[in-house]
There are 2 protein chains.
Amino acid sequence: MTESAVLTSTAPADACSHTGTVARFFRALADPTRLRLLEFILRGERTSADCIEHAGISQPRVSVHLSCLIDCGYVTARRDGKKLHYSVGDPRVTELVVLARALAADNAAALDCCPRIGQD
Amino acid sequence: MTESAVLTSTAPADACSHTGTVARFFRALADPTRLRLLEFILRGERTSADCIEHAGISQPRVSVHLSCLIDCGYVTARRDGKKLHYSVGDPRVTELVVLARALAADNAAALDCCPRIGQD
DNA sequence: CCATACTATGCGGATAGGCGAATAGATCTG
DNA sequence: CAGATCTATTCGCCTATCCGCATAGTATGG
């Protein structure tokens, strides 16, 4: 994607996605680094530099993770001068994360021991 | 785990999980087969045989997926005679899936094209 | 108790996806 | 335009995790 690229993806709002699509949606949050980034951006608009510092990984890696979060609809980007600013527009994203955190917290012990899912 | 194994994991309900735990929680739903199984069980209590037929994979694989869903707190198991019956107890699981489906649907086009997440 | 039916685990192979490093591309400022 | 700066892509490597097949373990019911 080039030019004044579509910063915020304007998808046509389908009625209902098939399971594979939803699984892919969840997969975006299945990586600790990406989830950490999302929660960071959730607490306020951030620049790439903010994200790079917060994530503690290389700029190219952060770029990929942010692209992924954008494609999946969690985050939108806005250009201000030379820099891009990332934020979460849809309040349902917060709902989703809060709900998941609550559920995960209620079962943290078993979750951390699940041998079917590797330790991070 | 042996004996009259802990069918429903009785975790001690922590206040807040660290990011890695929540990511692991999401990872359980990041696999299409597991998500499909969860949504199947969500629509009513199921036996292993039901799940094997519905998922279309081998019994050992289904066993692993169900164990994963149980460990992560999505599903509970109940023994009735020789068979185990699987169901979803916590209504927040339904909330989570519905919310994710809505968000995924609103961005299905971009989601399905995200090159950072492989096609299923 | 023992046989049977149900459920879980181990193994090897294949693929997805994360990482750093190097590089390419795009956009703003002057 | 041109240089500087910010962002994205490519590459090779490595680990995680999926699968089927074979096998082991457990609980029930006689």
Side-chain angles (χ1 to χ4, degrees), chain A residues 1-7 19-20 23-37 46-53 55-72 75-86 113-120, chain B residues 1-7 9 19-20 23-24 26-37 46-53 55-72 75-86 113-120:
Chain A
M1 216 177 288
T2 60
E3 300 302 315
S4 58
V6 184
L7 290 178
T19 307
R24 203 207 306 294
F25 180 76
F26 278 122
R27 213 174 308 165
L29 304 187
D31 176 66
T33 301
R34 252 182 336 248
L35 181 57
R36 195 171 153 73
L37 274 176
R46 311 290 186 177
T47 65
S48 289
D50 293 336
C51 293
I52 293 167
E53 183 188 1
I57 57 178
S58 64
Q59 176 272 320
R61 278 286 95 206
V62 171
S63 172
V64 168
H65 284 311
L66 289 174
S67 297
C68 181
L69 289 173
I70 289 171
D71 285 344
C72 292
V75 165
T76 57
R78 169 182 75 82
R79 181 172 285 277
D80 176 48
K82 292 183 184 175
K83 297 183 177 181
L84 289 177
H85 295 248
Y86 302 91
C113 295
C114 177
R116 263 70 61 177
I117 294 180
Q119 317 303 318
D120 303 292
Chain B
M1 215 178 285
T2 61
E3 301 302 315
S4 57
V6 184
L7 290 179
S9 67
T19 306
R24 203 205 308 294
F26 278 121
R27 213 174 309 165
L29 304 187
D31 176 67
T33 302
R34 243 170 358 234
L35 181 58
R36 194 169 154 75
L37 274 175
R46 311 290 185 176
T47 64
S48 289
D50 294 336
C51 293
I52 292 167
E53 184 189 359
I57 57 176
S58 65
Q59 176 272 319
R61 278 288 94 203
V62 171
S63 172
V64 168
H65 283 312
L66 290 174
S67 297
C68 182
L69 289 173
I70 290 171
D71 285 344
C72 293
V75 166
T76 57
R78 170 181 74 82
R79 180 172 286 278
D80 176 48
K82 290 182 183 176
K83 297 183 177 182
L84 288 178
H85 294 247
Y86 301 90
C113 296
C114 177
R116 262 69 63 176
I117 293 180
Q119 316 305 318
D120 304 295

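In the text below, chain A, chain B and the rest are named by the order of the sequence lines, each starting its count at 1. Note: hydrogens, waters and symmetry copies are ignored here, and every other heavy atom, side chains too, is used.
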- Rounded to whole angstrom units, what separation is found between the NE2 atom of A:His65 and the P atom of D:dA8? 13 Å

- Query: Rounded to whole angstrom units, what separation is found between the CG atom of B:Asp50 and the P atom of C:dC6?
  - Reply: 12 Å

- Query: Can you check the B:Arg61 CZ to D:dC21 P distance for me, whole Å?
  - Reply: 12 Å

- Message: Could you tell me how far apart B:Arg27 (CZ) and D:dT17 (C1') are, to the nearest whole angstrom?
- Response: 10 Å

- Protein-nucleotide distance (B:Leu69, atom CG; D:dT17, atom P), rounded to Å: 15 Å

- Item | Nucleotide of D:dG20, D:dT7, D:dC19 approaching A:Ser48 most closely (side-chain heavy atoms) | D:dT7

- Message: Need one value for B:Arg24: base, sugar-phosphate or nothing, where a base atom within 4.0 Å counts as base even if backbone is also close, heavy atoms only.
- Response: nothing

- Message: Please classify the nucleic acid contact of A:Ser63 as base, sugar-phosphate, or nothing, using heavy-atom distances under 4.0 Å.
- Response: base

- Closest to the 5' end of DNA chain D, once B:Arg116 and B:Gly81 are matched to their nearest nucleotides, is B:Arg116

- Note on the structure: Closest non-hydrogen contact found for A:Leu69 with A:Leu37 is CD1-CB, 4.2 Å

- Query: Just how far, in rounded Å, is C1' of D:dG29 from CZ of B:Arg79?
  - Reply: 12 Å

- For B:Gln59, does its backbone N or O pair with a side-chain atom of B:Ser63 as donor and acceptor, under 3.5 Å? no

- Task: Under 4.0 Å between any heavy atoms, over every strand shown, what does A:Val62 touch: base, sugar-phosphate, or nothing? Just pick one.
- Result: nothing

- Query: Where the side chain of A:Arg27 meets the backbone of B:Asp31, is there a donor-acceptor pair that is under 3.5 Å apart?
  - Reply: no

- Counting heavy atoms not belonging to B:Arg36, are there more than 12 under 6.0 Å from its CZ? no

- Message: Heavy-atom nearest nucleotide on DNA chain C for B:Lys83 versus B:Pro60: which residue maps closer to 5'?
- Response: B:Lys83

- Nearest whole angstrom, please: distance from the P of D:dC6 to the CD of A:Gln59. 10 Å

- For the side chain of A:Arg34, starting at C-beta, report the closest nucleotide among C:dG20, D:dT7, C:dG18. C:dG18

- By nearest nucleotide on DNA chain C, pick out whichever of B:Ser67 and A:Lys82 is the more 5' one. B:Ser67

- Message: Please classify the nucleic acid contact of A:Ile117 as base, sugar-phosphate, or nothing, using heavy-atom distances under 4.0 Å.
- Response: sugar-phosphate

- Within this structure, what is the CG-to-C1' distance between B:Leu35 and D:dC18, rounded to whole angstrom? 16 Å

- Message: Counting only side-chain nitrogens and oxygens, does B:Thr33 get under 4.0 Å of the OP1 or OP2 atom of D:dC19?
- Response: yes

- Is a side-chain donor or acceptor of B:Arg34 paired with a backbone partner of B:Ala28 at a separation under 3.5 angstrom? yes

